[in-house]
Amino acid sequence: MSGPTDNRDGVEPVELDAVVIGTGFAGLLALHVLRNDLGLDVRAFDDAPGVGGTWYWNCYPGARADTEVTAYCYSFDRDLFDTWRWSERYPRQPEILAYLNHVADRYDLRRSITLETRILSATFDEDVNRWLVVTDAGERLAARFLIEGVGLLSSTNMPAFPGQESFTGEIFHTARWPQSGTSFAGKRVGVIGTGSSGVQVITEIAPEADHLTVFQRSAQYSVPARHGAIDADFLASIRADYEGYWQHVRNSITGFGFAESTTPASAVSDEEREAIFEKWWNHGGGFQFMFATFSDIGVDLFANNAATDFIKRKIAETVTDPETARMLTPTDLYAKRPLCCDGYFETYNRDNVALVDVRSDPIVEITPRGVRTTNAEYDLDVIVFATGFDAVTGNTLKIAHTGRGGVDLADHWAHRPTTHLGLMTSGFPNMFMMFGPMGPFTNQPPADEVQIEWIADAIRHLQKTGMDTIEPAAETESAWVATCDEIGNSTLFPKVDSWINGANVPGKPVTIMFYMAGLGAYAERLREAKDNDYPGFRFTAPARTPA
Ligand SMILES: Cc1cc2nc3c(=O)[nH]c(=O)nc-3n(C[C@H](O)[C@H](O)[C@H](O)COP(=O)(O)OP(=O)(O)OC[C@H]3O[C@@H](n4cnc5c(N)ncnc54)[C@H](O)[C@@H]3O)c2cc1C
């Protein structure tokens with residue numbers, strides 16, 4: 001453990017203004033704004049041995065962002081943007097991790113960060129309006145504000161196959177990859193899962209491994225990323241109008257920085273539609289293919305079918321073995337987080353790569369020698385779980401939160417997770433969740449900035465009005481959930497099982513978990529709340545006279 005001095009049982013908790021949980025994009029930003037801009041006494045905690053969150057843990061081969069990096073970074077400091085040099089359009093994990101470490105140094109954040117320390121519980125003490133926060137090192141902290149940046153995609157989803165402990169080879173999860181790396185040379189590798197991490201790790205491991213077996217549950221609509229250098233003209237255009245570029249990002253649906261289409265797929269001829277798909281297929285990028293081609297792929301069946309037909313034809317043209325091509329061709333709608341990866345489908349043309357469809361031939365058990373499905377046994381030296389995350393709520397619910405009246409967050413969310421504005425939940429005052437449930441479905445760093453500005457304004461509002469706490473009223477939260485449901489149900493996303501609606505984790509409520517109207521509309525809702533003095537929020541006066 002590193003960081004400031006701690007206290008132990010029997011000692012009064014350390015008094016702070018705020019505790020920040022997590023030191024990824026969200027937590028580092030929260031610490032910077034609350035400590036350096038608002039002048040609060042803040043400490044941040046992370047259970048990882050280094051800062052960076054996602055980009056610390058996901059050091060598997062092939063890990064990259066799929067947002068163009070000119071929008072996958074902070075914008076609040078123009079000099080940071082101008083002086084940091086990215087080498088690629090979609091940077092690899094080490095480069096993003098280096099950037100976040102640079103951020104920690106640049107704003108002198110490390111002195112307020114305690115690493116390798118997990119927050120176990122947070123209990124709201126109504127007598128004093130403070131959160132009592134307990135760490136796994138036994139430290140106790142009393143803080144007025146709790147800011148959680150615990151990660152949308154951070155709590156690993158590790159299916160428990162019978163016999164797993166008997167396997168004599170190595171087992172890895174992509175999001176808990178050994179920091180020292182590992183070699184696949186001469187090894188028989190099995191990858192379970194073909195989501196975003198799966199397509200990346202499969203494509204990277206295949207050329208190195210002796211043999212690779214991919215166990216696929218869901219075929220994917222993956223499009224090329226077209227990795228390469230950042231377009232110099234594009235970068236120059238951002239520098240020429242920095243404010244304009246970021247305003248465009250913040251007012252867009254996806255926050256990805258490209259021009260989103262306003263044309264429905266049915267508004268153009270078949271030939272024009274094909275040409276537009278081809279143009280964006282060659283340009284690269286998953287969100288670009290879904291949102292820059294046409295305006296209605298996520299909401300309209302005709303548009304969705306047009307996109308899937310195009311991708312299916314590309315799969316058929318690329319994959320030489322017809323049976324493998326059939327297995328790789330999705331049959332559901334194109335309504336998950338869109339994937340992109342260069343060379344993914346081409347990988348299956350390699351002699352050393354085999355594909356197993358675990359829907360028709362399920363994994364029965366893991367044996368000492370490898371993986372046994374209903375029909376066959378696969379001898380392996382390494383098994384890679386690319387099985388993703390218990391997304392959105394996974395890490396939040398691992399912390400034992402107790403709010404007003406002794407209510408546990410797990411009970412408050414027993415049927416489904418609920419928030420107001422994706423940020424706060426009723427009965428849990430002064431607790432702010434960055435990318436909590438019912439937050440925006442967008443590129444994250446610009447949305448983090450929108451959210452932390454709102455949190456900072458809410459704290460300033462409390463300071464100005466002399467109030468002690470803020471939280472949404474229960475009916476305000478219900479109204480936001482109804483809004484999210486209405487918008488979500490008008491899209492095609494709930495019709496497909498994925499982590500977006502919780503369907504990837506057995507036993508998890510399958511429900512709308514995002515505000516799907518886009519970053520621009522989301523930022524507008526936050527602005528409205530602030531400009532109108534927080535309608536639908538409850539405030540309480542100080543519970544005791546400050547000493
Ligand atoms: C391979 C990969 C590629 C991605 N690419 C993109 C992309 O291109 N664009 C995009 O928008 N998003 C992308 N994402 C999503 C990515 O997670 C976010 O963009 C962003 O990095 C999340 O930052 P965060 O600070 O919210 O959370 P995280 O980076 O997940 O950080 C949360 C941290 O909090 C720690 N933590 C959690 N609970 C506790 C606790 N109780 N006590 C102490 N510490 C705790 C976690 O261990 C973690 O270190 C990608 C994700 C992955 C896995």
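Note that ligands are numbered from 1 as they come in the structure, with each ligand's atoms numbered from 1 the same way. By convention here, the first residue in the shown sequence is residue 1. Owing to the predicted nature of the structure, the values given are computational and were not obtained by experimental measurement.
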Under a 4.0 Å heavy-atom limit, does [X] contact ligand 1 with its side chain, its backbone, both, or neither?
{"X": "Glu116", "result": "neither"}
{"X": "Lys398", "result": "neither"}
{"X": "Tyr56", "result": "neither"}
{"X": "Tyr90", "result": "neither"}

Under 4.0 Å to a heavy atom of [X] - the qualifying atoms of ligand 1, by number:
{"X": "Val150", "answer": "32 (C), 34 (O), 37 (C), 38 (N)"}
{"X": "Trp55", "answer": "2 (C), 3 (C), 4 (C), 5 (N), 21 (O)"}
{"X": "Ala65", "answer": "5 (N), 8 (O)"}
{"X": "Arg118", "answer": "39 (C), 40 (C), 41 (N), 42 (N), 43 (C)"}
{"X": "Tyr60", "answer": "1 (C)"}
{"X": "Asn58", "answer": "53 (C)"}
{"X": "Gly22", "answer": "33 (C), 34 (O)"}
{"X": "Arg64", "answer": "3 (C)"}

### Query
If you measure only the distance, is there a donor-acceptor pair under 3.5 Å linking the side chains of Thr425 and His412?
yes
Nearest heavy atom to [atom]: which of [options] does it belong to?
{"atom": "atom 48 (C) of ligand 1", "options": "Thr23, Leu153, Asp46", "answer": "Asp46"}
{"atom": "atom 18 (C) of ligand 1", "options": "Phe25, Tyr72, Phe45", "answer": "Tyr72"}
{"atom": "atom 29 (O) of ligand 1", "options": "Thr54, Asn443, Thr442", "answer": "Thr54"}
{"atom": "atom 9 (N) of ligand 1", "options": "Ile21, Leu152, Asp66, Thr67", "answer": "Thr67"}
{"atom": "atom 32 (C) of ligand 1", "options": "Gly149, Pro445, Ala175", "answer": "Gly149"}

### Task
Going by the side-chain contact (heavy atoms from CB on, under 4.5 Å) test, name the single residue among Leu141, Asp125, Leu132 that passes it with Pro13.
Leu132
### Task
Please work out which of the three classes, parallel, tilted or perpendicular, describes the rings of Tyr344 and Tyr348, given edges at 30° and 60°.
perpendicular
### Query
Once the angle between the rings of Phe25 and Tyr72 is folded into 0 to 90°, is it parallel (under 30°), tilted (30 to 60°) or perpendicular (over 60°)?
perpendicular
### Task
Determine, for Glu95 against Arg64, whether the closest basic-nitrogen to carboxylate-oxygen distance falls under 4.0 angstrom.
no
### Query
Does Arg337 come within less than 4.0 Å of ligand 1, judged by its heavy atoms?
yes
### Query
Quick one: does Thr117 get a heavy atom under 4.0 Å from ligand 1?
yes
### Task
Would you check if the distance from the ring center of Phe289 to the ring center of Phe277 is below 6.0 Å?
yes
#### Entry: Ring center gap for Phe81 and Tyr242 short of 6.0 angstrom
yes
### Message
Please check if the number of heavy atoms outside Arg217 that lie under 6.0 Å from its CZ is greater than 12.
### Response
no
### Query
Taking only residues two or more places apart in sequence or in another chain, which ones pass salt bridge (charged side-chain N to carboxylate O under 4.0 Å, His left out) with Arg239?
Asp82
### Summary
Applying ring-ring contact (aromatic ring centres under 6.0 Å, His included) to Phe145 and not counting sequence neighbours gives none
### Message
A side-chain contact here means heavy atoms from C-beta on lying under 4.5 Å apart; do Pro61 and Phe184 qualify?
### Response
yes
### Query
Counting distance only, does the side-chain N/O of Glu116 pair as donor-acceptor with the main-chain N or O of Asp46 below 3.5 Å?
no
